[in-house]
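Residue numbering restarts at 1 for every chain, and letters A, B, ... go by the order of the sequence lines.
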2 protein chains.
Amino acid sequence: MEALAQVAALLADKTRAAFCGALLDGRAWTANELAAHARVAPSTASEHLTRLIEGGLLVEHRQGRHRYVSLAGPHVAELLEAMTSFAGPGPRPRGLRASSASEAMARGRTCYDHLAGKLGVALKSGLLELGVVNGDLAITEPGLVWLKELGFEPSKRPVVRACVDWTERVPHLAGAAGAHLCEVFFERGWIQRIGTTRAVVLTPAGEVGWRELGLT
Amino acid sequence: MEALAQVAALLADKTRAAFCGALLDGRAWTANELAAHARVAPSTASEHLTRLIEGGLLVEHRQGRHRYVSLAGPHVAELLEAMTSFAGPGPRPRGLRASSASEAMARGRTCYDHLAGKLGVALKSGLLELGVVNGDLAITEPGLVWLKELGFEPSKRPVVRACVDWTERVPHLAGAAGAHLCEVFFERGWIQRIGTTRAVVLTPAGEVGWRELGLT
DNA sequence: GGAACACTTCGGCCCGCGCCGAAACGTCCG
DNA sequence: CGGACGTTTCGGCGCGGGCCGAAGTGTTCC
């Protein structure tokens with residue numbers, strides 16, 4: 001169980017945890033951006049990043065004088081959400097700005113490459129009613145056809161995976177299908193990021209689009 | 001992401017991780033047993049247990065002068081295996097005793113309340129061939145009938161869940177079905193613990209039984 | 001009642017590690 | 001070439017937390 005402690009230790013520091021939380025938006029961040037985000041000195045951030053990369057949680061790709069880092073893959077995102085949902089919604093954040101921000105996150109957000117929050121759960125429920133997935137959150141035959149009509153192409157990656165939502169405490173839709181739908185929704189302008197955060201809203205166009213697809 | 005760091009911190013200590021690893025056998029241990037297992041003073045163990053319980057990872061039930069603790073539920077076991085499998089099989093354990101013990105664990109073991117290791121993966125493959133579960137590891141209609149013939153009764157708990165095997169790096173069968181099958185196999189003497197460890201072997205009777213069920 | 005036992009609380013030690021600032025390195029741009 | 005900038009390395013500081021032993025509480029058994 002030595003290995004367990006080592007992975008846990010990587011995430012046990014609040015600065016490193018903040019890094020991972022920021023990277024959950026699925027994008028690549030530079031070392032400086034993360035340092036500013038977590039309010040630590042660049043030198044401190046650099047050391048943390050090295051440890052997270054060596055631990056296999058992050059990957060880097062260097063470009064000129066920049067060091068871009070991102071999560072090492074969907075499996076990392078799933079692990080992070082699983083752990084976060086375990087602790088569950090802690091005490092309500094204090095302060096107007098913070099609480100409205102966290103409300104926005106609860107309403108809808110991206111979780112690495114798919115949708116989470118109330119929006120993510122609504123999507124899952126809709127797909128369930130449409131028969132795209134069954135009660136155990138597995139893809140159905142007609143569901144696969146439905147997805148292909150939206151441009152989905154099967155790959156090595158599992159089509160659907162359950163990812164525990166840390167605000168709703170309910171599994172939502174991850175995996176290749178979840179990622180594809182999220183991508184399509186962004187392309188069509190159905191969902192939009194709020195500022196530069198992970199929070200996401202369904203646009204008016206999105207509401208129409210969802211209804212036309214048969215989603216609630 | 002503060003919450004994430006708190007959960008991680010609980011598991012970031014090698015003594016607490018060792019406790020959790022021991023408790024993955026699904027049984028309740030006393031504080032002293034765990035202390036001896038992790039080679040720390042009883043006073044140290046006591047403090048660790050309090051923290052793990054407050055963190056929601058463990059539950060206790062006191063009986064006379066004993067303090068029994070066990071994992072707080074299957075969700076904890078799943079989280080632990082997910083994190084352990086992430087780190088993956090580290091360097092081979094050194095020493096004859098240690099390496100043969102870890103070999104036995106890799107061959108077959110219990111993971112909280114279901115089977116894991118090569119044995120667990122073999123069970124999953126067999127159920128897949130029988131059509132009890134499908135490729136996405138979801139229960140099928142005939143599969144549910146098949147389970148009920150073995151005394152399975154559906155409950156609130158999900159019938160099947162994927163649990164990542166930390167030695168095989170492949171999902172195996174958890175959830176209510178996994179727990180029920182493990183229980184039945186123990187009752188019928190088809191599987192047996194090696195000593196008092198989590199390691200498990202398929203008995204000769206078990207080999208016959210598995211064949212009769214159509215498992216490989 | 002008294003002795004063994006399981007566990008807990010407390011005080012104190014000490015190591016690990018997160019943090020910073022200063023200085024060095026490499027890259028980009030004018 | 002020189003200056004700005006993103007990043008890294010190093011030394012040093014200070015806190016948190018894991019550990020133990022000693023003493024205390026509650027339970028069981030004789």
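- In this structure, A:H61 and A:Y68 have parallel ring planes: the angle between them is below the 30° cut-off, well short of the 60° mark.
- The minimum heavy-atom distance between A:A5 and B:K14, with the atom names listed, is CB-CA, 4.0 Å.
- Counting all heavy atoms, side chain and backbone alike, B:L119 lies closest to B:G108 at CB-CA, 3.9 Å.
- Here the side chain of B:N32 is nearest to one of D:dG18, C:dC7, C:dG18, namely C:dC7.
- Between B:Y68 atom OH and C:dC7 atom C1' the separation is 13 Å, expressed in whole Å.
- Checked against the 6.0 Å centroid threshold, A:F19 and A:W29 do not count as a close aromatic pair.
- Comparing atom distances between the A:R67 side chain and each of D:dT8, D:dG17, C:dC19 picks out D:dT8 as nearest.
- Residues B:L57 and B:L71 are not in side-chain contact: their nearest non-hydrogen atoms beyond the backbone lie 4.5 Å or more apart.
- Judged by distance alone, with hydrogens and angles left aside, the side-chain atoms of A:R198 form a donor-acceptor pair with the main-chain N or O of A:T110 at under 3.5 Å.
- The local environment of CD in A:E60 is crowded, with over 12 non-hydrogen atoms from other residues, nucleotides or ligands closer than 6.0 Å.
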Distances under 3.5 Å only, N/O to N/O: pair up the protein atoms with those of nucleotides 24-30 of chain D.
{"from": "D:dT27", "atom 1": "O2", "to": "B:R65", "atom 2": "NH1", "distance (Å)": "3.4"}

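- The residue B:T50 sits apart from the nucleic acid: no heavy atom pair falls under 4.0 Å.
- A sub-4.0 Å separation between OP1 or OP2 of D:dT7 and a side-chain N or O of A:R62 is absent.
- Between A:R51 and C:dC17 there is no side-chain N or O to OP1 or OP2 distance below 4.0 Å.
- Residues from residues 38-49 of chain B lying near DNA chain C, meaning a heavy-atom separation below 4.0 Å, are B:P42, B:S43, B:S46, B:E47 in numerical order.
- Environment of CD in A:E33: crowded, with over 12 heavy atoms of neighbouring residues, nucleotides or ligands closer than 6.0 Å.
- Look at CZ on B:F19: it is 12 Å from C1' on D:dG18, rounded to the nearest Å.
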